**Student:** 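Before anything else, here's the structure in question.
As the structure is a prediction and not an experimental result, all values here were calculated from the model. Numbered from 1 within each chain, the chains take letters A, B, ... in sequence-line order.
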There are 2 protein chains.
Amino acid sequence: MSTIKDVAKYTGLSIATISKYINGGNVLEENRVIIKEAIEKLDYRRNEMARGLKTNKTMTIGILIPSLENIFFTSIVSIIEDHLSKEGYGTIICDFREDADLEQVKLEFLVNKNIDGIIMVSYGADQKYIKALQDKQVPVILLDRMLRGLECDCVLADNLNASYQAVEALITRQHKRIGIILGPEETYTAEERSRGYIRVHEDYDVRIDNALMVSTDYTVEGGYKALSDLWNKPDRPSAVMVTNYEMTIGAIMAINDLNIRVPDELSIIGFDNIQMSKVVRPPLSIVEQPMKEIGMTAAKLLVKRLKGDYDSFPATYRLKTNIYIKESVAKFQG
Amino acid sequence: MSTIKDVAKYTGLSIATISKYINGGNVLEENRVIIKEAIEKLDYRRNEMARGLKTNKTMTIGILIPSLENIFFTSIVSIIEDHLSKEGYGTIICDFREDADLEQVKLEFLVNKNIDGIIMVSYGADQKYIKALQDKQVPVILLDRMLRGLECDCVLADNLNASYQAVEALITRQHKRIGIILGPEETYTAEERSRGYIRVHEDYDVRIDNALMVSTDYTVEGGYKALSDLWNKPDRPSAVMVTNYEMTIGAIMAINDLNIRVPDELSIIGFDNIQMSKVVRPPLSIVEQPMKEIGMTAAKLLVKRLKGDYDSFPATYRLKTNIYIKESVAKFQG
DNA sequence: TTTTGAGAGCGAAACGTTTCGCGCTGGAGG
DNA sequence: CCTCCAGCGCGAAACGTTTCGCTCTCAAAA
């Protein structure tokens, strides 16, 4: 592997000049030519580590998500990765398997890798840690969920309106008893989605039966059990909305196992994966989060922060969701 | 940020001794204690870049996959990431969006990041590039598909037997006209899967109608179109196997749109995502690749190579698939 | 002709480690 | 009591860059 020294020797110029050339400084046209030639001939590549040692930059961004098997997160990551790589940043991706302890471990791991910035979905990482990062001028972007009491840039979906609109679609179809399957109570997204559910009931003056709001974890099994429970209540709902992809899968499995006829016996609205809507029968109604937009917004915001532009910090981007009502939703037949 | 120098100063020992301690060398118990104290007190963290500059290691592994939105790949990556992070390696993940040109770009990107090793799914990267990596003692592990004419470690599923077994399950149920939806002809996996299809026909002495073997790209749209085409043939098959996840989704969509009754009119076997089998009705038969095992095997092999153990190079691990026959497959009713 | 200053190149220090080779110490063996 | 040697610790060089502050050149301005 040749170094900047070799290039200097080959061209007869000094190391400093070569460095200048590499970093886009002013060099005589004449020298520019021979440097270029030398670099090609010697197959010189800049040593990122030596560079990083001087500049104190790794050109590496950490991405921390709950699961790499969750298409919602990986779609977002895919966009981020692409954008950042165009800006010259590598992305070290860690998945913490939905485990808050592991989240902390991986977060420290990333920090020890001297990342220049981080984009993360937090389940409850130690806020001190994030604060420490911010103090070190390492930009942090939160994805999907905000952290209470922490000043931090954040990009997420407009969860409240997402569930508001979905439940509204059910209410305007005369449903009165609408079930909602939520994530863990303490999570930000679950709370927001439940607020949308409540608000739309209030706005339309429909009574809420708390028994129809069930919290579980954001897993396939959770969704399965929650839907079964709702169905087995003496006074069962005529419609259900499910508030993430995994639980949607579980709910559909339960519907299949319980032989529930959709939408005659139960209307249902799922979450996140638009493909799913065409795979099951009848076509599933879906609330879709704008993953591409979330990813792009987060990536751009991070790059802005990396350039030192802390304009309007802390910024929160709350992006609009889309709702697709298909045949899995029908008018309530009293 | 404190450095090794600060620790040396604090303890009154030399830099060399601290370094020794950090890297697990022999240090007097007495000193061990005060160094530990100093490190904690000063919140010293090793600067990976300075270290990398000396050792010429980045402790970073590149992972290059066709798509981050493909659960097959991300499941594997998830395992790899977890294992490698335990070994202290960060993983820079790149997705090339199924685009061979972009593959090359991202590969160069990773190489320029001075990765210590790479695990990749190649669509057709320049083999010279891979060879160059190997020459530089950077271990390369190929995933999912081998590259013709390249000596390289490789971990993949036993594709031939996967399709052999699936088609066998159909043949033993009296199906004579069995469709298969394959990936692009030039890809290694598609070729192997088609060989399994052919061999089982030969072994059971069933005539092959070439019209029933359709190649498309590994996409949802491709699967949709392929199944529609098969169905619209004058002499349509009584059973179809689909050879990856995306195409399986597409095939199911087509079945829904064409109102094909499964399994009465058509038996079907899908690929890769076991969850899917319980989401659709009737439950879908599935060939499942052992993703966890693939990931683990690849990660372990890489670590072995990184340690300089080139035992039995080039190694090929061909891992057994599992097949789950569910109600989407029925006996052929002549 | 002299002065000025912009443009280009250069030398050297610094970034935070690892590692080589050497020197000191103290206990075991003769 | 002397000799050895193992075990520790130390100083210094080196890894490949960036960057500061300097000098030199040459053309334009005076």
Side-chain angles (χ1 to χ4, degrees), chain A residues 1-39 42-60 88 90 111-116 136-138 308, chain B residues 1-39 42-60 88 90 111-116 136-138 308:
Chain A
M1 199 83 237
S2 53
T3 76
I4 207 172
K5 267 187 204 156
D6 301 317
V7 178
K9 204 167 291 171
Y10 184 99
T11 57
L13 295 164
S14 79
I15 289 180
T17 306
I18 311 297
S19 176
K20 213 184 208 176
Y21 168 90
I22 291 169
N23 294 294
N26 276 333
V27 177
L28 279 186
E29 185 54 30
E30 171 195 349
N31 290 331
R32 192 174 291 280
V33 172
I34 64 166
I35 294 177
K36 190 169 176 195
E37 180 201 319
I39 287 180
L42 300 172
D43 189 32
Y44 166 77
R45 288 149 199 259
R46 156 159 90 199
N47 181 318
E48 291 289 338
M49 263 167 334
R51 170 167 227 240
L53 181 59
K54 274 304 284 185
T55 61
N56 218 11
K57 296 259 163 291
T58 51
M59 294 306 280
T60 304
V111 171
N112 284 333
K113 290 270 164 206
N114 292 304
I115 48 170
D116 292 344
K136 276 197 296 180
Q137 302 280 14
V138 175
Chain B
M1 199 81 238
S2 53
T3 76
I4 208 173
K5 266 186 204 158
D6 300 318
V7 178
K9 204 167 291 171
Y10 184 98
T11 57
L13 295 164
S14 79
I15 289 180
T17 307
I18 312 296
S19 175
K20 213 184 207 177
Y21 169 89
I22 292 170
N23 294 294
N26 277 334
V27 177
L28 279 186
E29 185 53 29
E30 171 194 350
N31 291 331
R32 193 175 289 281
V33 172
I34 64 166
I35 293 177
K36 191 171 175 195
E37 180 201 321
I39 286 180
L42 301 173
D43 189 32
Y44 165 77
R45 287 147 200 259
R46 162 159 85 197
N47 181 318
E48 291 289 338
M49 262 164 338
R51 170 167 227 238
L53 181 58
K54 274 303 284 186
T55 61
N56 217 13
K57 297 259 164 291
T58 52
M59 293 306 281
T60 305
V111 172
N112 285 333
K113 289 271 165 208
N114 293 305
I115 47 169
D116 292 345
K136 275 196 296 180
Q137 303 279 17
V138 176

**Student:** Looking only at heavy atoms, which two atoms of A:Ala8 and A:Ser14 are closest? And how far apart?
**Tutor:** CB-C, 4.0 Å

**Student:** Measure from CD1 on B:Ile35 to P on D:dC10 and round the result to the nearest Å.
**Tutor:** 9 Å

**Student:** Which atom names give the shortest non-hydrogen contact between A:Thr3 and A:Asp6, and what distance separates them?
**Tutor:** N-OD2, 2.7 Å

**Student:** For B:Ser19 and C:dT18, is the shortest distance between a side-chain N/O and OP1 or OP2 below 4.0 Å?
**Tutor:** yes

**Student:** Roughly, in whole Å, what's the span from CD in B:Glu48 to C1' in D:dC15?
**Tutor:** 16 Å

**Student:** Base, sugar-phosphate alone, or nothing: which one does A:Asn56 contact when heavy atoms must sit under 4.0 Å apart?
**Tutor:**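 Nothing, no heavy atom under 4.0 Å.
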
**Student:** Rounded to the nearest Å, what distance is computed from the NZ atom of residue A:Lys5 to the P atom of nucleotide C:dG11?
**Tutor:**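 One finds 13 Å between P of C:dG11 and NZ of A:Lys5, rounded.
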
**Student:** Please determine if a side-chain N or O atom of A:Tyr44 lies less than 4.0 Å away from the OP1 or OP2 oxygen of D:dT17.
**Tutor:**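 Affirmative; the distance criterion is met.
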
**Student:** Establish, with yes or no, whether the OP1 or OP2 oxygen of D:dC10 is under 4.0 angstrom from a side-chain nitrogen or oxygen of B:Thr17.
**Tutor:** yes

**Student:** Which of the following nucleotides, D:dG9, C:dC10, C:dT17, is nearest to the side chain of B:Ile4?
**Tutor:** C:dT17

**Student:** Could you check which of C:dG11, D:dC15, D:dG11 has an atom nearest any side-chain atom of B:Leu53?
**Tutor:**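 That would be D:dC15.
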
**Student:** What I want to check is whether an N or O donor and acceptor connect the side chain of B:Lys54 with the base of C:dG16 at under 3.5 Å.
**Tutor:**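 No such pair is found, so the answer is no.
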
**Student:** Is any side-chain heavy atom of B:Leu42 less than 4.5 Å from a side-chain heavy atom of B:Tyr10?
**Tutor:**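 Counting from C-beta outward, B:Leu42 and B:Tyr10 do come under 4.5 Å.
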
**Student:** Whole Å only: how far is the NZ atom of A:Lys9 from the C1' atom of C:dC10?
**Tutor:** 16 Å

**Student:** Could you give the NZ-to-C1' distance, from A:Lys20 to D:dG21, as a whole number of Å?
**Tutor:**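 So the NZ-C1' distance, A:Lys20 to D:dG21, works out to 12 Å.
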
**Student:** Compare side-chain N and O positions of B:Ser14 against OP1 and OP2 of D:dC10 and report whether any pair is under 4.0 Å apart.
**Tutor:**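 Indeed, a polar side-chain atom of B:Ser14 lies that close.
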
**Student:** Measure the distance from CZ on A:Arg51 to C1' on C:dA14 and round it to the nearest whole Å.
**Tutor:** 16 Å

**Student:** In whole Å, what is the span from the CD atom of A:Glu29 to the C1' atom of C:dG7?
**Tutor:**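 Between C1' of C:dG7 and CD of A:Glu29: 15 Å.
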
**Student:** With the side chain counted from C-beta on, respond yes when B:Asn112 and A:Glu48 share a heavy-atom pair under 4.5 Å apart, and no when they do not.
**Tutor:** no

**Student:** With a non-hydrogen cut-off below 4.0 angstrom, is A:Leu28 in contact with a base, only sugar-phosphate, or nothing?
**Tutor:**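 The residue A:Leu28 makes sugar-phosphate contact but no base contact.
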
**Student:** Can you find a side chain N or O atom of B:Asn47 that sits less than 4.0 Å from OP1 or OP2 on C:dC15?
**Tutor:** no

**Student:** Atom CE of B:Met59 and atom P of C:dT17: how far apart are they, to the nearest Å?
**Tutor:**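 About 16 Å, once rounded to whole Å.
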
**Student:** Nearest-nucleotide wise, let me know which of B:Asn31 and A:Met1 is further upstream toward the 5' end of DNA chain D.
**Tutor:**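 The residue mapped nearer the 5' terminus is B:Asn31.
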
**Student:** Report the residue (A:Asn26 or B:Met49) whose heavy-atom-nearest nucleotide on DNA chain C is the more 5′ of the two.
**Tutor:** A:Asn26

**Student:** Would you mind telling me which of C:dG16, C:dT17, D:dT18 lies closest to the side-chain atoms of B:Ile15?
**Tutor:**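 Of the options given, the side chain of B:Ile15 lies nearest C:dT17.
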
**Student:** Looking at every strand, decide which applies to B:Arg45 at a 4.0 Å heavy-atom threshold: base, sugar-phosphate, or nothing.
**Tutor:** sugar-phosphate

**Student:** Among side-chain atoms of A:Asp116 and A:Thr58, is any donor-acceptor pair under 3.5 angstrom?
**Tutor:**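 Yes - a donor-acceptor pair under 3.5 Å links their side chains.
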
**Student:** Without hydrogens or angle criteria, can the side chains of A:Arg51 and A:Asn23 be said to hold a donor-acceptor pair below 3.5 Å?
**Tutor:** yes

